[in-house]
Number of protein chains: 2
Amino acid sequence: MNLKELAHKLGISQTTVSRALNGYPEVSEATRRKVREAAEVHNYRPSLRAKSLATGRSMAIAHVVPVSSKHEMVNPIFADFIAGAGEEYARAGYELLLSVVADSDHDRMYRDLVTRKAVDGLVVQAPTLTDNRIPLLADLGIPFVVHGRSSGVVSAYNWLDVNNRRAFERATGLLLDLGHRRIALLNGLATLDFAHRRSDGYKRALLERSITIDPELIAHDEMTENYGYEVARRMLAQPNPPTAFLVSSIIPAIGVRRAITDAGLEFGREVSIVIHDDDLSYFRNAGDVPLFTAVRSSVREAGQRAAAMLLEIIRRREEGIADEAPMQILMEAELTIGQSTGPRALSRARAQN
Amino acid sequence: MNLKELAHKLGISQTTVSRALNGYPEVSEATRRKVREAAEVHNYRPSLRAKSLATGRSMAIAHVVPVSSKHEMVNPIFADFIAGAGEEYARAGYELLLSVVADSDHDRMYRDLVTRKAVDGLVVQAPTLTDNRIPLLADLGIPFVVHGRSSGVVSAYNWLDVNNRRAFERATGLLLDLGHRRIALLNGLATLDFAHRRSDGYKRALLERSITIDPELIAHDEMTENYGYEVARRMLAQPNPPTAFLVSSIIPAIGVRRAITDAGLEFGREVSIVIHDDDLSYFRNAGDVPLFTAVRSSVREAGQRAAAMLLEIIRRREEGIADEAPMQILMEAELTIGQSTGPRALSRARAQN
DNA sequence: GATGAATATCAAAGCGCTTTGAAAATTCAA
DNA sequence: TTGAATTTTCAAAGCGCTTTGATATTCATC
C-alpha cells in the first residue's frame, strides 16, 4: 500500500493525504480523521526511502565504532553507549546506522556516509590525541558530536565528555590520602585522548605531593580483563610493588583483582584499587558497599545526552538558526567508596608478615 | 555533485554515466574510463536514498537488539556478534541498521522496518521459547535469519545456532567424569530458548548417570557478573553445597570465581567451573592453559556467518531462485580444559580440612 | 448579492537515481 | 557501397514521497 493507492482509495489527492498524515494545519479535521483511519486500516507507512529523497533528510544518524586494527576487538562499553543513544533516536523517529570499521578506514567511511547522503548527523567515538576526523567532518559540513575530546584539535566542535582529568586527580588524591605512595595506573590505549587526560590527572595529583612519577607503574593498552591481570601480576612481582592500582575500567580491574588474590594478597587491604566505572549494565559495581571504589560516570547517560545534543544541532540547522557557539557538555564523575580501598599502613603491616 | 551535474560536465547522458559506474557491459571502455576518472576527481558518490528508491533495494540490514525491559540492560555479547556481522555487510556494501528496543516493542519495530521498506533483511536476536517474531517476519515476507532457534515454532526458517544441548551435555559429562555429583547450573534468562537447550543438555547428562536433578542448583537470570556472584555465594552457603558450577557465560563465571575465593575456597581445586565461552574480545579465555575450562564457540564468527547467510538469501531471492529449503547452520562448540576444573575427590578432601 | 479573505483541496514538479525502449554510431558481410 | 547486425548512446519514464503554486470552496463583511 503506497500513498497513491491510499489516496485513490479515499478519493482524495495525494497532497491532502500526505498533509493529513504529517499534521499540517491546512486540512480539515474531518478529512484528517478519515485519512488517519484508512491509513491505520490498510497499515500504511510512508516509504522511508521515498520520504528521505523528497525531504532531503534521511532521518538517520551514524555511529562509526572503531575496531582495534591490531586485535580486532570491539569495546563492550559501546553497547551501553549505543543503547543510550538509540533510546533517544527512537524517541525522535531517527534510525541508527552502525559501522564497525578498522581505525584506518574511518576517514573513508565518514566521507562515504556524508557524500552518499546516508545520514543527517554523526557521532565520533573514541577520539585520538589529534583526531583528523574532526576537521574532516567540519569540512564536510555535516552536524556531528564527539564523545570525548581531541586535545590536538584547535577549532571548536561539539562534544560531550567526562571530566577525566579531575576524576583521576581525585581518585589519585584519595589513594594518597590513604597513605599510598606507589600507585599504578592501568590506562587505556595510549593513542586515545581520554587516556592522556587521565594520565594528566594522575600525574598532577602525584606532583602536587612531590611524588616522583615512576613510568614502570604506568601501562597503556586495550582495556581487557587479561590486560589487567597480566600487568598487575607483573607489577606485583617487582621488588618494590605498587600498593594501589588506579584502573581505567571495571573490566581490567577484574583482572587486577584476580592477580592480587593469585599473589596471595588481600584485595582492598594489602592492595587497593580505584576504578573508573562506566556503569556498564552487565558489570554493575553496585550494592550497599560496592566492590570497587570508583569514580563513576554512566556511559549510557553519555550516549543519551550525546544523541540529544546531536538532534538539537540538526534541529537548529534545519530551522535556520545561525550557528552559534558549539555545544559542549562536561560531565563530572562521582566518587563512591567501595570495598577495594584501605589505608596503606595496614597493607604494609600485612605484607611484612 | 550529483549524477546530472557530472553527466553535464562530461557532455554525456546520465544513462551512460550511470551504466559506466555500475559496470554494465553496454558502454565502451574509453567512456567508462573517462567517467570513472571524472567521478573520482569530483568525488562523486551516488545518493543512497535516490539509489534505493530507484532500485527498490535499500542495501541495509536491520539488527534489533533486545534491551531487557526489567533491567534496561544490553548484553555485551551483541557487540562482538555485530562486529562479525558488520564486517560481512561492509564487504558486500550493505549498511547495518541497529535498533535497541525493549522486548515488548519488537513486533511493532519489525513491522515498521518492513512496511517502511527501511531494510532488505533482518537478523533476529535472542529468540524466546516460542518467538512470535518468526511467524511475523515469515508472514511479512522479508528475508531474515535467526541467531538461535525457537523450539515452539514449527514452521521452517533460516537459523544459525550453536549446538547448546550437546555442548552442555559434554560439559556436564566432564564434571561427572571428574567425580562431581552436586553440579550447579547458572543459566541465562528462562524466557530465552538457548537457556532451555542448555538445561536439557545438563539434565540429560545427569539423568544418564541416574543423578536426580536438584532444582535448588539451577538458576536463571540475566548473565551479569553480579548474578554469578550472588547465586554462587548463596549456593556455597547451603548445607550441601555444589562442588562444581556450569556457567552460561564468562561474565557471570567471573562472579562465581569471586564468590568461591570470597568463601575461602580454592578455585579449580575445591570448586570447579566450566563455562560456555563466547570468545568475547574483551574477555579472552586464552593462554596456554586458559583460566576457565570451557565449551567455546565464537559469537563473532556466528555474527559473520549469520550475515553471510542472510546476504545469500537476499541474493537468491533477487535472482529469482525458487525458495528452496531454509538455510540452517549448527555450529559445534569445542571443549578446552583450563585451570578451573579438577577432580572432586581432592576438593572433598580439602573441604574437610 | 457582491467582494475579499480565509480555508480546503488539487495537479504537477521535483528529489537523484535506474532502466526501458528508441535512436545514433559503428562494424561487418555481401 | 549498401544494408543488416552490432555496439554505443540517449531521452524519458518511473520509484513514492513532499511541496509549490493554483484552484475551488466556505465564510464573514459591506
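Chain A is the first sequence line, chain B the second, and so forth, proteins listed ahead of strands; every chain is numbered from 1.
Distance, B:N2 CG to C:dC15 P: 9 Å, rounded to whole Å. The CD atom of A:Q14 sits 11 Å away from the C1' atom of C:dC10 (whole-angstrom rounding). In this entry the distance linking CZ of B:R19 with P of C:dC17 reads 16 Å, nearest Å. In this structure, the CG atom of A:L3 is 13 Å from the P atom of D:dT19, given to the nearest Å. Here the P atom of nucleotide C:dC15 and the CE atom of A:M59 are 21 Å apart, to the nearest Å. If you take CG of B:L48 and P of C:dC17, they are 11 Å apart, rounded to a whole angstrom. Protein atom CD of A:E5 is 10 Å distant from nucleotide atom C1' of D:dG16, rounded to whole Å. For the pair A:E26 CD and D:dG21 P, the computed distance is 14 Å after rounding to whole Å.
Between B:S47 and the phosphate of C:dC15, there is no side-chain N or O to OP1/OP2 separation shorter than 4.0 Å. Between A:T31 and C:dT9, a side-chain N or O to OP1/OP2 separation shorter than 4.0 Å is present. OP1 or OP2 of C:dC10 lies within a sub-4.0 Å distance of a side-chain N or O belonging to A:S13. Residue A:Y24 has no polar side-chain atom (N or O) positioned under 4.0 Å from OP1 or OP2 of C:dA8. For the OP1/OP2 pair of D:dT18 and a distance below 4.0 Å, the side-chain nitrogens and oxygens of A:K51 include at least one atom meeting the criterion. Under 4.0 angstrom from either OP1 or OP2 of C:dT18 there lies at least one side-chain N or O belonging to B:N22.
Nearest nucleotide to the side chain of A:V27, out of C:dT9, C:dC10, D:dT18: C:dT9. The B:I12 side chain lies nearest to D:dC10 when the options are D:dC10, C:dG16, D:dT9. Nearest to the side chain of B:A50, among C:dC17, D:dT19, C:dG21, sits C:dC17. Checking D:dC10, D:dT8, C:dT19 against every side-chain atom of B:S18, the shortest atom distance belongs to C:dT19. In the set C:dC10, C:dT9, D:dC17, the nucleotide with an atom closest to the side chain of A:T15 is C:dC10.
When the nearest nucleotides of DNA chain D are assigned to B:T55 and B:E29 by heavy-atom distance, the more 5′-ward of the two goes with B:E29. Judged by closest nucleotide on DNA chain D, B:S28 is the one of B:S28 and B:K117 placed further toward the 5' end. Taking for each of B:L53 and B:T16 the nucleotide of DNA chain C with the nearest heavy atom, the 5'-most of the two is the partner of B:L53.
When heavy atoms are screened at a 4.0 angstrom cut-off, B:R49 is found touching no nucleic acid atom at all.
Only one option out of A:V114, A:L113, A:L122 pairs with A:L140 in a side-chain contact (heavy atoms from CB on, under 4.5 Å); it is A:V114.
Side-chain atoms of A:T31 and A:S28 include a donor-acceptor pair closer than 3.5 Å. B:D193 and B:S151 are linked by a side-chain donor-acceptor pair at a separation below 3.5 angstrom, with hydrogens and angles left out of the test.
The aromatic rings of A:H63 and A:F81 are tilted relative to each other, their planes meeting at an angle between 30° and 60°.
The closest side-chain heavy-atom distance from B:E95 to B:Y89 is not below 4.5 Å.
For A:E319, the CD atom is densely surrounded, since the number of other residues' heavy atoms within 6.0 Å is greater than 12.
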